[in-house]
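Below, each value reflects all heavy atoms present in this structure, side chains not excepted, and no hydrogens, waters or symmetry copies. Just so it is clear: chains get the letters A, B, ... in the order the sequence lines come, proteins before strands, and each one is counted from 1.
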2 protein chains.
Amino acid sequence: MNIRTLCLGILSVTEATGYEIKKMVEQGMFSHFIDASYGSIYPALTQMLSEELLSVRAEGQPGKPDKKVYAITSRGRQALAEALHVSPRPDKFKSEFLFQMLLMDLLSGEQLAQIYDARLSDLTAELARIEACGSADATDFGHRFVNGYGRAVVGAAVRYLQERRQELLNEAAARTADAAE
Amino acid sequence: MNIRTLCLGILSVTEATGYEIKKMVEQGMFSHFIDASYGSIYPALTQMLSEELLSVRAEGQPGKPDKKVYAITSRGRQALAEALHVSPRPDKFKSEFLFQMLLMDLLSGEQLAQIYDARLSDLTAELARIEACGSADATDFGHRFVNGYGRAVVGAAVRYLQERRQELLNEAAARTADAAE
DNA sequence: CTGATATATATCAAACTGATATAAGACGTT
DNA sequence: AACGTCTTATATCAGTTTGATATATATCAG
């Protein structure tokens, strides 16, 4: 699945500008499992417009430059359906945090604690965001399902980090003491 | 964190060829939270060799082409320590599966079931691999920590998918029935 | 003895990121 | 009222990374 399909998918739910799509994938609903930059969104929209998978409505705002609101066309819906036929690629999880944890021997105790707590606070914030956007509108089944998945997985990560915090910091302290001997 | 740091980190644990590094990030220990392709690994190794962060030992195998076994140098260890000073970037999770679940209205019941079960079986297999590699050597604390994280998170995902399977397929069937009316 | 799979290095077009440029309104603050 | 910063909005681009492919040898199953 590429950025094109991603944009089609979002625009199948609601019309939006490139800027709004970017906001959705970095703050909204989609932010927890989708990524896309301006550098990929804008070219994709322009391209799909020329292929008539999308239409634009230039919303003129006095003084400001025009806002280009994109909407999916029937040909776009067809293309989306086709793209959704193919099996999704396996999920991808990238964690520099876990990599550093694996190499924790190379970190000082303070560094370790700082990194750990930063990650824990990030995850807690993410869980809160997921829970907030879940209670807001629980109408759509797909929405509820994805929201529940997020709660389950991120919740498990938060709990794990909370439970292990003391043990980890003790271990790091013990290691420092060993090194001092 | 870039591919260079990743290679340094792996080589700080054990010397390896580019091919072996690739295997580790796609099958071994690191596979669950790291990604790297040949197209990034080989150039990184060559580059770091020229900067003397690494050394090579050409292991001549009669008949076969030489095997280039890379090892980290003391300058490499320094560079790694510096790279590990900076805070890790936030974890990234990409899921085409969840995206499709969000748009499940556009999928047929069979497609949905097929995608769902494929994902569930992938996740189950991943959990099994994590559990297998955890019991093997539980010496290093960092290793145990990361392994436990994997169990917690992937385990939560597997349980969620298993619990919701029937409900989801019922919902899809109900939706199809509605459409038929 | 044929096809599939594994070891091993390498390259490259295409895709994508992350940063930056541009421009205008809003909003706070000193 | 001037200043900085933030938000909205579009756009570009160097640099990184992916995913696929080429090359060559060895091994193993049927």
Side-chain angles (χ1 to χ4, degrees), chain A residues 1-8 10 15-28 30-31 33-50 54 56-70 83 86-94 96, chain B residues 1-7 10 15-28 30-31 33-50 54 56-70 83 86-94 96 99:
Chain A
M1 205 195 62
N2 51 20
I3 301 279
R4 287 166 59 100
T5 311
L6 165 65
C7 290
L8 284 177
I10 291 177
E15 56 173 34
T17 68
Y19 182 75
E20 285 163 352
I21 291 175
K22 171 67 172 159
K23 263 203 314 189
M24 287 183 218
V25 299
E26 79 183 11
Q27 295 169 28
F30 302 92
S31 62
F33 55 94
I34 288 285
D35 248 306
S37 58
Y38 289 130
S40 54
I41 293 171
Y42 282 114
L45 291 175
T46 307
Q47 197 189 33
M48 291 197 291
L49 183 64
S50 79
L54 303 180
V56 228
R57 175 166 51 78
E59 205 161 274
Q61 307 159 98
K64 293 181 218 170
D66 281 6
K67 193 158 108 171
K68 295 188 193 169
V69 184
Y70 291 89
V86 307
S87 298
R89 277 182 298 186
D91 288 6
K92 218 169 252 187
F93 174 61
K94 279 198 181 196
E96 297 187 2
Chain B
M1 207 193 64
N2 50 20
I3 301 277
R4 288 166 58 100
T5 311
L6 166 64
C7 291
I10 291 177
E15 56 173 34
T17 68
Y19 182 76
E20 285 163 351
I21 291 176
K22 172 67 172 159
K23 260 203 315 191
M24 288 183 216
V25 300
E26 80 183 11
Q27 296 169 30
F30 302 92
S31 62
F33 54 94
I34 288 284
D35 248 305
S37 57
Y38 289 130
S40 54
I41 291 171
Y42 281 115
L45 292 175
T46 307
Q47 196 189 35
M48 291 197 292
L49 183 65
S50 78
L54 303 180
V56 227
R57 177 166 51 79
E59 207 160 273
Q61 307 159 98
K64 294 180 218 173
D66 280 5
K67 191 158 107 169
K68 294 186 195 171
V69 183
Y70 291 90
V86 307
S87 297
R89 277 181 298 185
D91 287 7
K92 217 170 253 185
F93 174 60
K94 279 198 182 196
E96 297 187 2
F99 185 72

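Applying the 4.0 Å criterion to OP1 and OP2 of C/dT7, one finds that B/Lys23 has a side-chain N or O inside that range. Within the structure, a side-chain polar atom (N or O) of B/Tyr19 is placed less than 4.0 Å from OP1 or OP2 of C/dT7. Between C/dT7 and B/Thr17, no contact under 4.0 Å exists linking OP1 or OP2 to a side-chain N or O.
B/Met1 places none of its side-chain heavy atoms less than 4.5 Å from the side chain of A/Lys94. Under the 4.5 Å side-chain criterion, counting only non-hydrogen atoms from C-beta, B/Ile34 is not in contact with B/Ile10. Side-chain atoms of B/Phe93 and B/Phe33, non-hydrogen and from C-beta on, never get closer than 4.5 Å to each other.
Residues meeting the salt bridge (charged side-chain N to carboxylate O under 4.0 Å, His left out) test with A/Arg57, sequence neighbours left out: A/Glu15, A/Glu59.
In this structure, B/Glu96 places its CD atom 13 Å from C1' of D/dG19, rounding to the nearest Å. The distance between atom NZ of B/Lys22 and atom C1' of D/dG19, rounded to the nearest whole Å, is 9 Å. Between B/Glu26 atom CD and D/dT18 atom C1' the separation is 13 Å, expressed in whole Å. As rounded to whole Å, 13 Å separates atom P of D/dT16 from atom CE of B/Met48. Rounded to whole angstrom, the span from the CG atom of B/Leu45 across to the P atom of C/dA8 amounts to 14 Å. A/Gln27 has its CD atom 12 Å from the C1' atom of D/dT8, to the nearest Å.
The shortest heavy-atom contact between B/Glu26 and B/Ser31 is C-CB, 3.5 Å. Heavy atoms only, all atoms of each residue included: B/Met24 and B/Ala16 are closest at CE-CB, 4.0 Å. Closest heavy-atom contact between B/Tyr19 and B/Tyr42: N-OH, 3.4 Å.
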- [ ] Could you encode protein contacts along nucleotides 10-20 of chain C as a string, one character per nucleotide from 5' to 3', using B for base contact, S for sugar-phosphate-only contact and - for no contact, with a heavy-atom cut-off of under 4.0 Å?
- [x] BBB---SBB--
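A donor-acceptor pair is defined here as one N or O able to donate and one able to accept, closer than 3.5 Å; such a pair exists between the side chain of B/Lys22 and the backbone of B/Ala36.
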Open item on the list: Counting Watson-Crick and G-U wobble pairs with both distances under 3.5 Å, what is the dot-bracket string for DNA chain D, 5' to 3', using [ ] for crossing pairs and | for pairs to another strand?
Closed with: ||||||||||||||||||||||||||||||
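Taking CG of B/Leu6 as the reference point, atom CD1 of B/Ile41 lies at 7.0 Å (rounded to 0.5 Å).
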